[in-house]
Asker: 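What follows is a single structure, and I will ask about it in a moment.
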Amino acid sequence: MAEKPIFGNWLSIEKINSLDKYILVTMEEPWKIIEPKITHKPIFLKFNNNMAIDHLKTLALNFEYHLLENCSLIGIGGGTTCDAAKFLAWYLRDKFGLNIDLILIPSIISVDAFLCSSIAVRINNKVKYIGESHPKDIFIDYDLIQIAPPFLNRARVSDTISITTALGDWKLAKDETNENLNQNLFNRARNIAVNLMEARSEIKDVTEKGIKALVDGFYNEVVLCEEWGNARPEEGSEHFLAYCLESFSQEHYIHSNLIGMNILISLFLQEEYAEFSIDEIKQFFEDIKINITP
Ligand SMILES: [Zn+2]
């Protein structure tokens, strides 16, 4: 089960200053913000955006293990940083029996890597999920997140609002292939989408309430999919259409924009099965300023 995030102001600094010893995995941008505010430096500081497994193993092998007793490992950054921190904590435990507390502090709400226990790495340049790493704490630091460009923070909402098409797909699958539809999970998923739409102006401005709404949306979605066993309640045809377009055109697109456009196409194709109207979702994308035009 996903760890419930803790919300607050400058939690990253408060946490770091309360620790004796810690390893910090981060990127240059968040480090520039954090460094002047902390009282003591990490015993190891790693900037990393390379998710190749061999590179990560080399990073893990470079630590001086006798220093790692009662040490915490903090990941502060985006998805790549969180996955790197999850990998290192897992690898150090798995290979060397080191019990290291993992603390994840996203500096941007762009992916849900900080909530998922599976670890995404690259093996032969393909994304593979290996191992599981459960953070002891996840902190959502409003002040840190608000420093990142607002459009990066709100873009990922497409990947939660894809619930609006996933639900129509689910009803279709029930009628056409007799798939199980759990009405309770269906309603909970629907509520996640409705709550996000109600928070649209806060999300657009990336206020504290907007950040909370985005993270709650991710969290509830991750919990729901864990309960159900796959992503049926939250994604479907809009993603398949995206993979299809990318495969035909051999192009890469900005994920949130492409998924946004595809949600509208899927809602159109679902006809009477569509759980939400095209107009209300289109309005939502306009209100939070996600560009969904082809
Ligand atoms: Zn996606």
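Counting starts at 1 for both ligands and their atoms, following the listed order.
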Asker: Got a salt bridge between E179 and R232, using NZ or NE/NH1/NH2 to carboxylate O under 4.0 Å?
Answerer: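 Yes, E179 and R232 are salt-bridged.
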Asker: Between E221 and R188, is the closest basic N to carboxylate O distance under 4.0 Å?
Answerer: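 Here R188 does not pair with E221 in a salt bridge, since their nearest N and O are not under 4.0 Å apart.
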Asker: Using the side chain to side chain donor-acceptor pair (under 3.5 Å) criterion, which residues pair with K212? Sequence neighbours excluded.
Answerer: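 For K212, the residues satisfying side chain to side chain donor-acceptor pair (under 3.5 Å) (neighbours in sequence not counted) are D216.
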Asker: Could you name all protein N, O or S atoms found under 2.8 Å from the Zn ion (ligand 1)?
Answerer: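 The answer is D159 OD1, D159 OD2, H239 NE2, H255 NE2.
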Asker: Is a side-chain donor-acceptor pair under 3.5 Å present for D279 with Q283?
Answerer: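 There is no such pair (donor and acceptor under 3.5 Å, judged by atom type) between the side chains of Q283 and D279.
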Asker: Quick one, S162 with E235, criterion side chain to side chain donor-acceptor pair (under 3.5 Å). Give me CA distance, side-chain angles, the key distance, then yes/no.
Answerer: CA-CA 5 Å; S162 58; E235 66 171 46; 5.4 Å; no
Asker: Tell me yes or no: between the side chains of S237 and S266, is some donor less than 3.5 Å from an acceptor?
Answerer: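 Distance-only check passes for S237 and S266.
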